[in-house]
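Input: a single structure, listed below in structure tokens.
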Amino acid sequence: MNESNNNAESKNTPLGGLGVKSPLGDLGVERNNNAETQTPPSGGGGVIITTSQLIKRFPMGKGEFTALKGIDLEFGIGEFAGLIGPSGSGKTTLLNILGSLDSPTEGEAIVLGQSVSKLSAKGAARLRKESLGFIFQSYNLLQVHTVFENVEFPLLLLNYTAAERKKMVMDALEWVGLTDKVKSKPPKLSGGECQRVAIARAMVKRPSLVLADEPTANLDAANSHNILKTMENLNRQLKTTFLFATHDEKVIGYLKRKIFLKDGYVDKDELVNN
Amino acid sequence: MWLAIKLAYRNLIGAGLRTWLNVLVLSFSFVVIIWMKGIMVGWDYQAKTDMTNWQIGAGQYWHENYDPYDPFTFDESHIEIPELLKSEISNQNITPMLIAQGTIYPQGRMQSVVLKGIDPTQKVLYLPSEKLDTAITALPAFVGQLMASSMKLTVGDRVMLRWRDENGTFDAAEIEIVDIFSSNVPAVETGQVYIPLDKLQQMIGLENRATIFTFNENFKKENTPDGLVLKSKDELTKAVDDMIKTKNSGQSVFYFILILLVMLAIFDTQVLSIFRRQKEIGTYIALGYTRRQVVGLFTVEGGMHAILAAVVAAAYGIPFLAWQAKVGFTMPVDTSEFGMAIAQTLYPVYGVGLVLATTCIVLIVTTIVSYFPSRKIARMNPTEALRGKIQ
């Protein structure tokens with residue numbers, strides 16, 4: 001699936017605001033954008049995600065619970081968008097399907113040109129491994145691994161050499177300002193630091209799409225803004241598509257596109273003009 | 001696979017105390033299994049060596065009628081010392097022994113004994129036959145420690161001995177205990193009285209005759225003299241082999257318990273890991289691992305416990321096992337009354353095969369036991385796992 005991975009531009013500009021180095025360093029490693037080229041609603045390149053009449057039902061007792069009730073959406077490359085809604089609105093379910101961690105009951109979700117429902121377990125794992133980055137509410141770091149090892153993990157799966165891995169991990173930690181915590185383990189880090197490690201881990205392989213599920217839910221305001229600025233800068237510099245699931249006002253304030261979900265439907269889809 | 005090994009190693013080392021507790025239990029099993037097996041091999045070796053030294057030499061010729069378990073055969077189990085063997089007897093490569101029945105009366109009690117006539121100059125067996133070469137008025141005799149204990153005999157004691165000659169006539173004489181030996185071989189001690197061969201031959205009227213001929217390693221077996229049967233060393237030590245085999249199967253229960261301990265330790269760890277590390281499992285899957293790869297990772301982690309345990313076991317086990325091989329294991333109770341060829345101190349003997357086989361068995365068992373609980377991961381819903389929800 002990743003034969004056309006190299007259609008992203010390789011830049012080497014500093015990340016604005018944070019004063020950190022560009023993630024696209026001089027390793028010659030290019031970002032995994034293999035989406036079709038269509039005009040996106042708010043991004044700058046082709047379409048990266050398309051969902052049509054997406055329905056997801058879960059068994060509940062003797063009946064069923066419908067979490068998604070026919071979602072039609074399209075996301076372009078480089079979007080900084082969010083699925084907004086209260087608990088039970090279906091945002092995490094949608095994120096899981098787009099992340100190929102779950103499959104729809106009906107309808108179709110095309111992510112990076114691949115239909116999630118038609119992917120084999122191996123194919124879905126390859127999609128996640130090569131093109132997707134995940135950021136979770138509770139960080140989901142490997143507790144017994146150091147910061148370096150956590151960030152290195154996706155690169156191990158992609159068979160980079162040790163030298164490449166070291167360079168890319170150090171670059172990613174530089175973006176998030178954690179080069180001094182390389183040998184620390186997650187239990188020794190603050191919540192904000194943990195989430196920054198999670199961002200570095202999600203970004204280290206230069207994925208096309210980052211899916212962030214309530215990334216600031218466990219953080220205070222200052223840490224939340226710091227994290228969001230980091231992600232915003234990465235989005236701007238790398239054209240990485242960020243898709244959030246959130247109901248946090250702080251996150252909502254940064255989004256360029258807000259999709260409001262209500263009871264499994266898209267209630268409102270609005271673009272934010274800068 | 002290499003990645004799974006690398007990650008498993010990181011996970012195990014990172015888990016710290018939890019890992020090392022399991023590793024210690026496993027390493028303990030390694031060392032104990034090897035030590036116990038070593039003791040059994042050592043016992044086998046010691047029993048055979050003692051039997052060779054004290055009882056059977058490198059083999060024996062028996063009179064064709066001789067049956068050590070049937071004293072009624074003794075009267076008809078003697079042969080004139082064959083010409084074929086005489087030169088070897090004078091070369092100290094063979095020693096003849098005449099066996100007969102008798103009765104002693106220590107402190108007023110009566111005890112049936114086996115009388116063994118032995119050449120005082122013989123060098124084939126460790127028996128202190130040279131002690132019989134003494135000038136005392138009574139008939140010189142020596143007995144084993146077991147016999148001395150049960151009959152309450154000490155060196156210098158005089159005891160009445162009664163026997164029957166070749167015509168069936170009873171006769172009696174006083175014997176004096178000139179030595180008491182200790183051998184670890186009950187078969188040469190229990191109920192046996194050793195006296196000079198020529199005296200016994202005279203007492204029974206069987207001049208120049210013997211029942212068995214024990215030879216050493218220097219003796220070259222060519223033709224078996226008429227009326228004798230060759231008993232090889234293997235044949236004569238078969239009883240010991242059988243006994244060790246029986247003991248080994250008895251000990252299998254203990255090995256099984258140890259292996260069970262290993263299995264339980266690993267199984268518990270794996271089950272606990274799968275419950276406690278749901279979020280981690282979900283994360284592996286989210287980052288691009290297939291569920292099968294996660295199963296592989298957890299299985300390798302389990303197997304790696306055994307490898308770490310082998311390393312830890314080597315660290316303290318090798319010095320311990322070497323020390324045991326040197327000083328031996330002294331049995332906590334008196335073994336002389338066990339009725340079998342067992343020394344008070346056993347020296348374990350370890351072979352490469354024993355160490356490799358034990359390591360392989362523990363490694364295979366650990367990996368298999370790790371795999372079964374890990375299979376549960378293959379049925380996990382990754383979205384639930386990511387939230388750490390127990391499934």
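For the numbers below, each heavy atom of this structure counts, side chains included, while hydrogens, waters and symmetry mates do not. What you are looking at is a predicted structure, and each value in this text was computed from that prediction instead of being measured. In what follows, chains are A, B, ... by sequence order, proteins preceding strands, each numbered from 1.
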Nearest heavy-atom approach of B:T290 to A:A125 is CG2-CB, 3.5 Å
In short, A:K185 meets B:G14 closest at the heavy-atom pair NZ-CA, 3.9 Å
Does the side chain of [X] reach to within under 4.5 Å of the side chain of [Y], using non-hydrogen atoms?
X	Y	result
A:F153	B:T283	no
A:H145	B:L7	yes
B:L287	A:R128	no
A:L157	B:Q293	no

### Message
If I take atom CD1 from residue B:I285 and atom CZ from residue A:F134, how far apart are they, to the nearest 0.5 angstrom?
### Response
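It comes to 11.0 Å.
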Interatomic distance, CG@A:D102 vs CG@B:N381, rounded to 0.5 Å, equals 6.0 Å
**OP:** Flag the pair B:R10 and A:E152 as a salt bridge only when some basic side-chain nitrogen lies within less than 4.0 angstrom of an acidic carboxylate oxygen.
**Re:** yes
Quick check on [X]: does its [atom1] atom have over 12 non-hydrogen neighbours (other residues, nucleotides or ligands) under 6.0 Å away?
X	atom1	result
B:Y316	OH	yes
B:K6	NZ	yes
B:F28	CZ	no
B:R276	CZ	no

Using heavy-atom distances under 4.5 Å, tell me whether A:Q143 contacts chain B through its side chain, its backbone, both, or neither.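 Contact with chain B involves no heavy atom of A:Q143 at all.
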If one checks every heavy atom of A:L156 against chain B at 4.5 Å, the contacting part turns out to be both
Handout entry: chain B interface, residue from A:E149, A:K122, A:R201 that has the most non-hydrogen pairs under 4.5 Å
Key =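 Of A:E149, A:K122, A:R201, A:E149 has the most heavy-atom pairs under 4.5 Å with chain B.
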Between A:L142 and B:Y284, is a side-chain contact (heavy atoms from CB on, under 4.5 Å) present by the stated rule, with each step listed?
CA-CA 9 Å; A:L142 304 172; B:Y284 286 130; 3.9 Å; yes
Whatever's closer than 4.5 Å to a heavy atom in chain A on B:L3 counts as side chain
